[in-house]
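Everything numeric in this text was worked out from a predicted model, so none of it was measured. Numbering of ligands and ligand atoms starts at 1, following listing order.
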Amino acid sequence: MARKGRMLYEGKAKRVYETDAPDLCIVEYKDDATAFNGAKRGVIAGKGAVNNRMSNVFFRVLEDHNVATHFVEELSERETLVRRVAIVPLEVVVRNLAAGSMAKRLGLAEGLELARPIVEFYYKNDALGDPLITDDHAEILGLATPADLAAIRQEALRVNDVLRPFLAERGVLLVDFKLEFGRDSAGRLLLADEISPDTCRFWDVKTRERLDKDRFRRDLGGVEAAYQEMWRRVSEVEAR
Ligand code: TMP
């Protein structure tokens, strides 16, 4: 089994460690939560375990649908072995319904269904507050080539095509979500980071109750219960 070596990186919600294999890392999920670029901080008890296990369910389902991901093996409740990648410094957001920053920026009602899923690119840069950028910006900043962007866009929409019905079966509307991609040492583009209530908007299909991090961002209460409810829905049906 891979052993945890030196810590390579500590983010807001995860730590990443080296292992004895140069092309593998261990990701450790924390209960710490931040919002608004770190301006709001808190702890969501049990979040690390939910986000780790839920991300891994999604990565396995995506691998079954030929989406290449960094996932290798779940090691414990909070730890997963992943392929080591250089992260492309883009936050790739897919939206099915208008919500959050898009609703605000464009003056749309939250919950408005979009005519088709859309993809947005944000520059992953905390000092700048992760600004929304155009393809041209990404290219002139040297973040990604036009070919990279086309591949990332296509892969992000495929993730949506797989996860939307998977979640619908579990009574969950996939409103929007954020992905990150990376390249392994061979240059292969892999889906990386996490897919969890921290990085997605999940609404109950019938009541439109929010089952995600917006409960923390917007002080709606019931934060821990929402994470546990999402895990129940994702894991129970999987175990059938
Ligand atoms: P937004 O509407 O605030 O731009 O968020 C779009 C999606 O991206 C939503 O599902 C939450 C997720 N997200 C992150 O994962 N990290 C972030 O830092 C932000 C701002 C959003």
Side-chain angles (χ1 to χ4, degrees), residues 9-14 27 29-42 44 47-48 50-52 54-55 58-59 62 69-70 87-114 117-134 137-138 143 152-153 155-157 159-160 162-164 166-168 172-182 191-205 208-220 223 226-227 230 234:
Y9 169 80
E10 177 159 12
K12 296 173 191 131
K14 296 189 286 299
V27 180
Y29 287 72
K30 306 191 279 188
D31 285 353
D32 298 350
T34 66
F36 315 118
N37 201 17
K40 181 183 174 95
R41 289 169 185 279
I44 302 175
K47 171 171 88 77
V50 168
N51 287 6
N52 179 46
M54 193 183 301
S55 292
F58 290 147
F59 285 137
L62 289 165
T69 80
H70 72 160
I87 291 285
V88 177
L90 293 173
E91 300 208 341
V92 181
V93 171
V94 178
R95 300 183 188 269
N96 295 305
L97 277 65
S101 70
M102 179 190 180
K104 193 168 174 196
R105 181 177 295 113
L106 302 182
L108 301 173
E110 274 210 309
L112 177 79
E113 189 151 346
L114 306 179
I118 64 159
V119 179
E120 296 171 344
F121 295 118
Y122 293 81
Y123 178 20
K124 201 172 145 60
N125 182 318
D126 280 341
L128 298 176
D130 299 341
L132 177 67
I133 57 171
T134 66
H137 294 155
L143 310 179
I152 288 172
R153 183 189 302 275
E155 208 63 353
L157 290 170
V159 171
N160 189 47
V162 173
L163 294 188
R164 211 176 168 184
F166 178 88
L167 286 159
V172 176
L173 183 61
L174 180 58
V175 174
D176 56 36
F177 56 95
K178 185 266 295 180
L179 302 175
E180 296 185 25
F181 292 84
L191 179 62
D193 194 48
E194 66 178 283
I195 308 177
S196 72
D198 272 19
T199 64
C200 303
R201 285 196 173 92
F202 296 133
W203 292 1
D204 179 85
V205 167
R208 299 211 158 190
E209 185 194 355
R210 293 166 193 272
L211 298 171
D212 57 55
K213 194 179 168 186
D214 270 350
R215 303 204 73 86
F216 170 80
R217 295 189 188 99
R218 302 181 187 190
D219 295 321
L220 300 176
V223 184
Y227 279 70
M230 269 310 299
V234 167

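In the vicinity of Gly100, heavy-atom distances shorter than 4.0 Å reach the ligand 1 atoms 2 (O). Against a heavy-atom cut-off of under 4.0 Å, Phe177 is close to the following atoms of ligand 1: 10 (O). Short contacts between ligand 1 and Ser101, defined as distances under 4.0 Å to a heavy atom of the residue, involve ligand atoms 1 (P), 2 (O), 3 (O), 4 (O). Residue contact check: Arg217 has heavy atoms under 4.0 Å from atoms 11 (C) of ligand 1. The contact set between ligand 1 and Asp198, taken as ligand atoms under 4.0 Å from a residue heavy atom, comprises 15 (O). Listed by atom number, the atoms of ligand 1 under 4.0 Å from Tyr122 heavy atoms are 4 (O). Heavy-atom proximity to Cys200, at under 4.0 Å, picks out these atoms of ligand 1: 10 (O).
Atom 18 (O) of ligand 1 has Glu91 OE1, 3.9 Å as its closest protein atom, hydrogens excluded (heavy atom only). The protein heavy atom nearest to atom 5 (O) of ligand 1 is Arg201 NH1, 3.5 Å. Atom 15 (O) of ligand 1 has as its closest protein heavy atom Lys178 CE, 3.1 Å.
Electrostatic pairing of Glu194 and Lys213 does not count as a salt bridge here, judged by no charged N lying under 4.0 Å from a carboxylate O. Salt-bridge annotation for Lys178 and Asp130: absent, with no side-chain N of the basic residue lying under 4.0 Å from a carboxylate O of the acidic one.
Taking the six-membered ring for Trp and thresholds of 30 and 60 degrees, His70 and Phe59 have ring planes more than 60 degrees apart, a perpendicular arrangement.
Put simply, the side chain of Arg105 reaches to within 4.5 Å of the side chain of Leu132, judged on heavy atoms.
At under 3.5 Å, a nitrogen or oxygen of Asp176, whether backbone or side chain, sits near a nitrogen or oxygen of ligand 1.
When atom types are taken as modelled, the side chain of Arg201 and the backbone of Asp212 share no donor-acceptor pair closer than 3.5 angstrom.
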